[in-house]
Protein chains: 2
Amino acid sequence: MIIQLDMQSELPIYTQLVNQIIEGIASGRLKPGEPLPSVRSLASDIGINLHTVNKAYTLLKQEGFILVHRQRGVVINPDSMPEITKAYMGKMRGELRPIVAEAISRGMSQEQLLQEMEQIYQEITQTDKEYD
Amino acid sequence: MIIQLDMQSELPIYTQLVNQIIEGIASGRLKPGEPLPSVRSLASDIGINLHTVNKAYTLLKQEGFILVHRQRGVVINPDSMPEITKAYMGKMRGELRPIVAEAISRGMSQEQLLQEMEQIYQEITQTDKEYD
DNA sequence: TAACTGTTATACTTATAATACAACAGTTAT
DNA sequence: ATAACTGTTGTATTATAAGTATAACAGTTA
């Protein structure tokens with residue numbers, strides 16, 4: 001699992017970590033049951049503090065993306081992924097809304113916008129690569 | 001212009017202000033040339049500090065959504081809206097990407113996702129209302 | 001026994017968000 | 001003229017979040 005951090009980003013480090021791990025799952029690079037580095041080794045590898053990694057793992061655990069066996073380590077949830085709950089849909093719409101509004105203000109058509117979304121979806125799920 | 005703030009939100013107040021004004025423009029409720037409340041009156045109306053409103057206005061001005069005449073006040077840009085620049089597209093894609101990734105992880109299909117986006121686009125631009 | 005695992009606790013630093021109070025320069029209506 | 005308004009700027013303060021540093025605990029594994 002390759003992690004790319006932007007220290008100049010306005011996004012907190014732990015948020016960037018969460019995002020990249022979720023994208024790893026979405027892309028298939030991280031498969032169910034696959035182990036993740038320990039909080040200490042990952043922190044050491046990318047040069048950040050243990051607590052920052054721990055915060056990201058804790059969030060991912062609360063949502064159900066990963067499982068934590070007390071002394072065995074961290075793994076991608078081997079059984080299931082988080083559901084499409086009403087709470088999640090509300091969160092997602094709340095995030096999309098200002099993005100869509102700005103696009104409209106700038107004159108972007110619905111077709112353009114949907115095409116961008118489709119493009120990103122394809123980029124993430126592109127099947128022409130295998131990760132083993 | 002009705003402003004609805006969520007003081008419990010993780011989003012800063014000035015960000016909520018920016019978002020709501022941009023959505024006002026996108027929906028047509030705020031038309032080109034239309035005046036916005038002064039920093040003091042808006043701050044007073046919604047019970048926040050002058051500087052918080054000023055920060056939101058400054059950001060909107062920098063992007064080109066509003067114009068500020070030194071002593072005349074603030075208006076929605078009467079001539080043009082910000083363009084769809086490469087920088088903007090990069091920002092937009094960077095915001096969409098983690099949202100799409102999470103949706104994929106949770107098993108949402110491309111069709112479902114596009115439908116949500118379309119729904120939000122329609123909600124914002126619905127033409128069955130007139131704002132005069 | 002030594003090296004590892006997640007977890008927890010405390011303390012500290014830094015940056016951002018928001019507020020409070022004040023003033024300046026220019027405009028507008030009385 | 002003068003009072004009331006405009007955006008702008010400055011400084012100081014408080015609160016919260018982010019990140020780091022150091023340390024320890026309990027259980028696992030080689």
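Computation of the quantities below employed the complete heavy-atom set of this structure, encompassing side-chain atoms and omitting hydrogens, waters and symmetry-equivalent molecules. By convention in this document, chain letters (A, B, ...) are assigned in the order of the sequence lines, proteins followed by strands, and residues within each chain are numbered from 1.
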Under 4.0 Å from any atom of DNA chain C, heavy atoms only: list the residues of residues 47-58 of chain B that qualify, in numerical order. B:Ile48, B:Asn49, B:His51, B:Thr52, B:Lys55
Where the side chain of A:Ser38 is defined as all heavy atoms beyond and including C-beta, which of D:dG19, C:dT5, D:dG7 is the nearest nucleotide? C:dT5
Check the distance between D:dC5's P and B:Leu36's CG and give it to me in whole angstrom. 19 Å
If pairing requires Watson-Crick or G-U wobble contacts with both distances under 3.5 Å, which nucleotide is the partner of D:dA30? C:dT1
Decide whether B:Ser44 and B:Ser41 meet the rule of one side-chain donor and one side-chain acceptor closer than 3.5 Å. no
Write down the distance between CG (A:Leu5) and C1' (D:dG19), rounded to a whole number of angstrom. 13 Å
How many Å lie between CG on B:Leu42 and P on C:dA18, as a whole number? 14 Å
Look at the side chain of B:Tyr14 and decide which nucleotide, out of C:dA18, D:dT6, C:dT5, has an atom nearest to it. C:dA18
Is it true that B:Lys91 and A:Glu102 have a side-chain N and a carboxylate O under 4.0 angstrom from each other? yes
Roughly how many Å is it from NZ in A:Lys61 to P in C:dT7, rounded to a whole number? 4 Å
Less than 4.0 angstrom from a charged side-chain N to a carboxylate O is my criterion; do A:Arg106 and B:Glu83 meet it? no
For B:Gln119 and B:Gln115, does a side-chain donor sit closer than 3.5 Å to a side-chain acceptor? no
If we ignore hydrogens and angles and just use 3.5 Å, is the side chain of A:Gln16 paired with the main-chain N or O of A:Asp6 as donor and acceptor? yes
Are any side-chain N or O atoms of B:Glu23 and backbone N or O atoms of B:Ile124, one a donor and one an acceptor, separated by less than 3.5 Å? no
Can you measure A:Gln62 atom CD to C:dT7 atom C1' for me and round it to whole angstrom units? 14 Å
Return the value, rounded to whole Å, for the distance between atom CE of A:Met7 and atom P of C:dT14. 16 Å
Looking at A:Arg40 and D:dT22, is any side-chain donor or acceptor paired with a base atom of the opposite kind under 3.5 Å? no
Spacing between A:Leu17 atom CG and D:dA18 atom P, to the nearest angstrom: 13 Å
Determine whether the side chains of A:Arg40 and A:Ser38 contain a donor N or O and an acceptor N or O closer than 3.5 Å. no
Separation of B:Leu11 atom CG from D:dT16 atom P, in whole Å? 18 Å
